[in-house]
Amino acid sequence: TCYEDEDGERSMFENLLSDSQAVSANFYFSDYFPCLGWVDRLTGKLNQLDKTFKALDSFFQGLVDEHMTSDEKKTKFEQEDFIDVLLQLQKDGSSPIKLTSNHIKALLQTQMLLRVWAMTELVKNPNSMKKAHQEVRNKAGNRGAIDENDLQEYGYLQAVIKETMQLHPPAPLLVPHETTQKCNISGYEIRPKTVVHVNAWAIGRDPESWENPEVFSPERFIGSSIDFRGRDFELIPFGAGRRGCPGLHMGVAVVEFALANLLYWFNWELPDGMKREDIDTDVKPGITMHKKNPLCLVPRKWSGN
Ligand code: HEM
C-alpha cells in the first residue's frame, strides 16, 4: 500500500528498510567461521550493520516515544492504535509477556508485512477477495462497523491469514536457535551449540506437505485442523515449542481486525493502466519478508450495496 509522504518520512523509512534488508542479507564470515570475524570488521561490514540497525531502531523508537509523550486524549475507537494498546499493556502489566520496547518495535514490522502480503494476494486473486468482502460485509453489515468480538466468526478471513503466512511468513527463517545437546538428524551428527536456522518459508512451500503450495488458496484451510500454533510442523510462521511466539494470538487478532476493516470499508482497485498480472510478489533479500516493489492500490469507499 502507498502512504502519503509526510516531510519525506515515507521515503526515509523506505530507504532505512532497504538498507537494513541489504545489510542483513550480506555474507558475514563471523556467522560461519567465528575466528574470522575480524574480516567483517576490516571490510567495514559490521560497522555498516551497526549503523543501519541503529538508524532503523531510532525511527521505530521515535514512533513509540511520540505515542508515550502525546497529551492528546484518545477515545478507544477513534484514535487508539496498535502502539497505544501495546504501551498500555506494558504499563498495566496485564500482558502475560513482559513487553519491552524492542518487542513493540519488532511487532510493528510483522503486522505491516502480513497486511501488505494479504492484500497483495487478495488483489491478485479476485475470487478470494470477493469471498472475503462478502464474509466481512455480511457479518458486520447491520452494525456498520467491525466488532472485534466477532473476529472468531470470520472463518474465511482467518483462512486468508493462514494462507498468507504459509506463503509469506514475515520471519522466513524465524530467529536463530542453538542446540543444547548432541543429536542425530538423518544420520548427521549435530554438535551442541550449533546454530540452527529453521526455514519456515520453504516448509510452507513443500510439495510433500501441501498440494499446489505456490497457489494462493485459503480454501485449503476451510474444514482443516491445520493451524499455526506450533503443533502442525508444516505451518510454523510463529515457530514452535518453548521459544515459539507468545504473542501469536494478539498478533493474529490485530492483523485480522485491520484486514476486516480494510475489506469492510473499501473496494480495492488497481491504479489506471495497471493489470492484475503486473502485481509481483518479489521479495527484498533480508531477514524479514519485505515486498520488493510497493503495492499501490486505489481505495473506493464502499457504499453499502
Ligand atoms: C503476526 C505477528 C507476529 C509474528 C509473525 C511473530 C513471529 C515470531 C517468530 C517467528 C518468533 C520466533 C519463534 C521461533 O524462532 O521459534 C517470535 C518470537 C517472539 N514473539 Fe512474535 N510474532 C508476532 C507477534 C507478536 C506479538 C503481538 C508479541 C507480543 C505481544 C510477540 C512477542 C514475541 C516474543 C516475546 C518472542 C520471543 C519468544 C522467545 O524467545 O521465547 N510476537 N515471534
Side-chain angles (χ1 to χ4, degrees), residues 1 17 21 24 31 57 60 63-64 67-68 80-121 148 151-152 154 157-180 193-205 218 221 226-262 283 286-291:
T1 30
L17 275 184
Q21 291 294 95
S24 61
D31 284 344
D57 188 75
F60 282 125
L63 289 182
V64 175
H67 282 68
M68 285 172 85
E80 257 189 4
D81 62 22
F82 185 49
I83 306 182
D84 291 313
V85 174
L86 289 171
L87 284 172
Q88 189 53 41
L89 284 175
Q90 188 188 42
K91 209 161 114 194
D92 65 21
S94 59
S95 161
I97 310 157
K98 198 171 177 312
L99 279 176
T100 64
S101 57
N102 278 344
H103 288 137
I104 297 178
K105 286 178 266 178
L107 301 177
L108 291 175
Q109 274 209 52
T110 46
Q111 307 294 321
M112 175 189 76
L113 295 177
L114 274 176
R115 283 195 297 258
V116 170
W117 286 115
M119 288 303 286
T120 303
E121 292 292 1
E148 57 198 70
L151 288 183
Q152 61 220 19
Y154 293 128
L157 191 57
Q158 282 166 5
V160 166
I161 295 173
K162 283 184 189 166
E163 182 64 345
T164 304
M165 291 214 197
Q166 182 213 327
L167 288 171
H168 313 282
L173 297 178
L174 308 181
V175 297
H177 290 252
E178 198 181 79
T179 52
T180 50
K193 293 201 153 290
T194 302
V195 175
V196 179
H197 295 277
V198 178
N199 194 336
W201 179 90
I203 293 172
R205 290 170 185 244
F221 290 106
I226 295 184
D227 205 350
F228 38 48
R229 287 159 210 232
R231 289 182 305 230
D232 303 301
F233 295 137
E234 58 272 62
L235 186 68
I236 49 164
F238 294 98
R242 273 185 292 181
R243 301 311 297 263
C245 177
L248 178 159
H249 294 287
M250 181 196 273
V252 174
V254 171
V255 173
E256 199 183 335
F257 188 60
L259 278 178
N261 273 290
L262 291 177
V283 179
I287 47 171
T288 42
M289 290 264 286
H290 285 270
K291 196 169 175 317

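Along the sequence shown, the residues carry numbers beginning at 1. First listed ligand is number 1; within each ligand, the first listed atom is number 1.
Side-chain N or O atoms of Thr179 include one that pairs as donor or acceptor with a backbone N or O of Thr194 at under 3.5 Å. Side-chain atoms of Trp117 come within 3.5 Å of backbone N or O of Met289 as a donor-acceptor pair.
Each of the following atoms of ligand 1 lies closer than 4.0 Å to a heavy atom of His177: 14 (C), 15 (O), 16 (O). Interface of Pro237 with ligand 1, defined as ligand atoms under 4.0 Å from a residue heavy atom, comprises 7 (C), 10 (C). Listed by number with element, the atoms of ligand 1 under 4.0 Å from a non-hydrogen atom of Met250 are 27 (C), 30 (C). The Leu114 neighbourhood of ligand 1 comprises atoms 1 (C), with distances under 4.0 Å to a heavy atom of that residue.
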Under 3.5 Å, which donor-acceptor pairs do the side chains of residues 159-170 form with other protein atoms, sequence neighbours left out?
from	atom 1	to	atom 2	distance (Å)
Lys162	NZ	Ile226	O	3.3
Glu163	OE1	Arg220	NE	3.1
Glu163	OE2	Ser217	N	2.7
Glu163	OE2	Arg220	NE	3.2
Glu163	OE2	Arg220	NH2	3.3
Thr164	OG1	Val160	O	2.7
Gln166	OE1	Arg220	NE	3.3
Gln166	NE2	Gly204	O	2.6
His168	NE2	Glu121	OE2	2.7

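Selection from Pro169, Cys245, Pro176 by nearest heavy atom to atom 18 (C) of ligand 1 gives Cys245. Nearest residue to atom 13 (C) of ligand 1 from Met112, Gln111, Arg243, Arg115 is Arg243 (criterion: closest heavy atom). Closest to atom 19 (C) of ligand 1 by heavy atom, among Gly247, Ala240, Pro246, Gly241, is Pro246.
Atoms CG and NE2, from Leu174 and His197 in turn, are 10.5 Å apart once rounded to the nearest 0.5 Å.
For the side-chain hydrogen bond (donor to acceptor under 3.5 Å, both in side chains) condition, no pair includes a residue of residues 234-245, sequence neighbours left out.
Contact annotation for Thr110 and ligand 1: only side-chain heavy atoms (C-beta onward) come within less than 4.0 Å of the ligand.
Between Gln158 and Leu151 the shortest side-chain heavy-atom distance does not fall below 4.5 Å.
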